[in-house]
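Presented below is the structure to which this report refers.
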Amino acid sequence: MRLAIFIILTFVFSGCSLKTINTQSVQNSNLKNSIKIDNQGLYKNYLKRYEYTLNLSKYVGKRAIDCSALIANINNKNSDIYSLNNLSFYYGKDGRRSQAIYNLYRSKDWLNYHSATPGDLVFFNNTTKSTRGKKTHNITHIGIVKSIKDDGTIVFLHNLKGKNILSVMNLTYKDNHKVDGKKINAYIIANCKSASCLVSNRFSGFGKINKDISVK
């Protein structure tokens, strides 16, 4: 009798134990599959978000005719990333390409005046001798945002005096060339060291692009 009870109890407890193990095994299997699927989804989203890489570093230190020629060259070598195919329709009387690009972006509502993203165009006004004292904003200079530092300082690529360089701009401290000994705003007008000649005080907007890119 005792032997029969022991056999029955052993069978019952074994059955619960095996059932629990099977359930846990299925749950673990489902969890692994779920994680695998989620990871694949994240990976696909990552690829989708950064479907294009814009390498600005390779242009630093090289020569170009001027700032807009640099932008045109980068655009041509990167599958018209800045959508400049129909630029000829947007030139003004002055014939400046930087102004034409600005006019194009304004017509498309692609301008932003508050926040930047790496890869954005950045526009500046009245940086030449002939426009410096004018009250109207004439777009005379253009660059591309390369990166943004933790303190909000924007690093951008542009061409100055025929050479492609990296400069900095911080719109929070518009009248400061340096803060705590660190340069946060570059001068953009030749032979001028007043606050009015800082890039932050000649800033005219960011040109947003309709592509998800990473910039290096």
Side-chain angles (χ1 to χ4, degrees), residues 56 59-60 62-75 82-84 86-149 152-179 182-209:
L56 296 182
Y59 296 96
V60 178
K62 296 186 178 180
R63 309 291 298 184
I65 298 174
D66 58 24
C67 60
S68 61
L70 169 63
I71 303 305
N73 183 33
I74 292 173
N75 183 69
Y82 292 110
S83 305
L84 304 182
N86 297 318
L87 190 62
S88 59
F89 296 103
Y90 297 91
Y91 276 89
K93 293 180 180 180
D94 53 30
R96 283 194 302 269
R97 182 158 44 185
S98 56
Q99 181 71 63
I101 297 172
Y102 181 86
N103 293 342
L104 166 64
Y105 273 62
R106 182 173 56 187
S107 72
K108 301 292 185 181
D109 198 24
W110 293 346
L111 293 176
N112 182 297
Y113 302 94
H114 306 290
S115 61
T117 303
D120 287 351
L121 296 175
V122 55
F123 298 97
F124 302 94
N125 67 80
N126 300 357
T127 61
T128 64
K129 288 183 179 180
S130 62
T131 60
R132 179 179 168 184
K134 290 188 176 182
K135 293 182 179 180
T136 57
H137 280 196
N138 302 276
I139 303 303
T140 55
H141 198 71
I142 187 172
I144 301 176
V145 176
K146 186 178 186 294
S147 61
I148 303 171
K149 298 181 179 181
T153 299
I154 296 166
V155 180
F156 65 97
L157 173 71
H158 64 137
N159 182 277
L160 208 58
K161 296 181 179 179
K163 187 176 182 179
N164 303 333
I165 63 172
L166 294 176
S167 292
V168 291
M169 177 177 70
N170 191 306
L171 297 175
T172 302
Y173 303 97
K174 295 183 67 175
D175 295 326
N176 296 89
H177 174 53
K178 292 183 179 181
V179 170
K182 183 173 64 174
K183 184 162 67 174
I184 61 169
N185 281 304
Y187 290 106
I188 197 168
I189 298 178
N191 304 316
C192 178
K193 298 298 180 183
S194 71
S196 66
C197 296
L198 294 170
V199 289
S200 49
N201 286 315
R202 299 288 167 167
F203 167 72
S204 283
F206 299 109
K208 314 300 287 185
I209 59 175

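- One N or O on the side chain of R202 and one on the backbone of N126 form a donor-acceptor pair closer than 3.5 Å.
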CA sep, side-chain torsions, deciding dist, call: I165, H158, side chain to side chain contact (heavy atoms under 4.5 Å, CB included):
CA-CA 6 Å; I165 63 172; H158 64 137; 3.6 Å; yes

Evaluation steps, side chain to side chain contact (heavy atoms under 4.5 Å, CB included), between Y59 and N73
CA-CA 10 Å; Y59 296 96; N73 183 33; 3.9 Å; yes

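- The local environment of OH in Y173 is sparse, with at most 12 non-hydrogen atoms from other residues, nucleotides or ligands closer than 6.0 Å.
- Taking the six-membered ring for Trp, H177 and Y187 have ring centres closer than 6.0 Å.
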Can you check side-chain hydrogen bond (donor to acceptor under 3.5 Å, both in side chains) on T128 and T140, steps first, answer last?
CA-CA 7 Å; T128 64; T140 55; 5.1 Å; no

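- Considering CD1 of I101 and OG of S83, their distance stands at 11.5 Å, rounded to 0.5 Å.
- Residue Y102 holds its OH atom at 5.0 Å from CD1 of I139, rounded to the nearest 0.5 Å.
- Residues L70 and K62 are not in side-chain contact: their nearest non-hydrogen atoms beyond the backbone lie 4.5 Å or more apart.
- To the nearest 0.5 Å, atom CD1 of residue I154 and atom CZ of residue F203 are 7.0 Å apart.
- Atom CD1 of I189 and atom CZ of F124 lie 11.5 Å apart (nearest 0.5 Å).
- Between the side chain of D120 and the main chain of K208, no donor-acceptor pair closer than 3.5 Å is present.
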Might you work through the side-chain hydrogen bond (donor to acceptor under 3.5 Å, both in side chains) test for N125 and S204, ending with a clear yes or no?
CA-CA 6 Å; N125 67 80; S204 283; 2.7 Å; yes

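- Between F206 and S115, the closest heavy-atom pair is CD1-O, 3.4 Å.
- Aromatic ring orientation, W110 versus Y105: perpendicular (interplanar angle above 60°, classes split at 30° and 60°).
- When each of N176, N185, T153 is paired with N170, the side chain to side chain donor-acceptor pair (under 3.5 Å) condition holds for T153 and for no other.
- A 4.5 Å side-chain heavy-atom check between L121 and I142 finds at least one atom pair inside the cut-off.
- Atom CG in L104 sits 13.0 Å away from atom CZ in R97 (nearest 0.5 Å).
- When every heavy atom of V168 is checked against every heavy atom of V155, the shortest pair comes out as CG1-CG2, 4.2 Å.
- A heavy-atom distance below 4.5 Å is not found between the side chains of L166 and F156.
- Atom CD in Q99 sits 6.0 Å away from atom CG in D94 (nearest 0.5 Å).
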Is there a side-chain hydrogen bond (donor to acceptor under 3.5 Å, both in side chains) between S98 and H141? Walk through the geometry before answering.
CA-CA 6 Å; S98 56; H141 198 71; over 6 Å; no

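- In this model, a donor atom of one side chain and an acceptor atom of the other lie less than 3.5 Å apart for N164 and N159.
- Formation of a donor-acceptor pair under 3.5 Å by the N201 side chain with backbone atoms of K174 is found in this model.
- In this structure the side chain of I188 never reaches within 4.5 angstrom of the side chain of C197, judged on heavy atoms.
- Under the 3.5 Å distance criterion, the side-chain polar atoms of R106 are left unmatched by any main-chain donor or acceptor of L111.
- No side-chain donor-acceptor contact under 3.5 Å links D109 to the backbone of S107.
- Between F123 and Y113, the gap from one ring centroid to the other reaches at least 6.0 Å.
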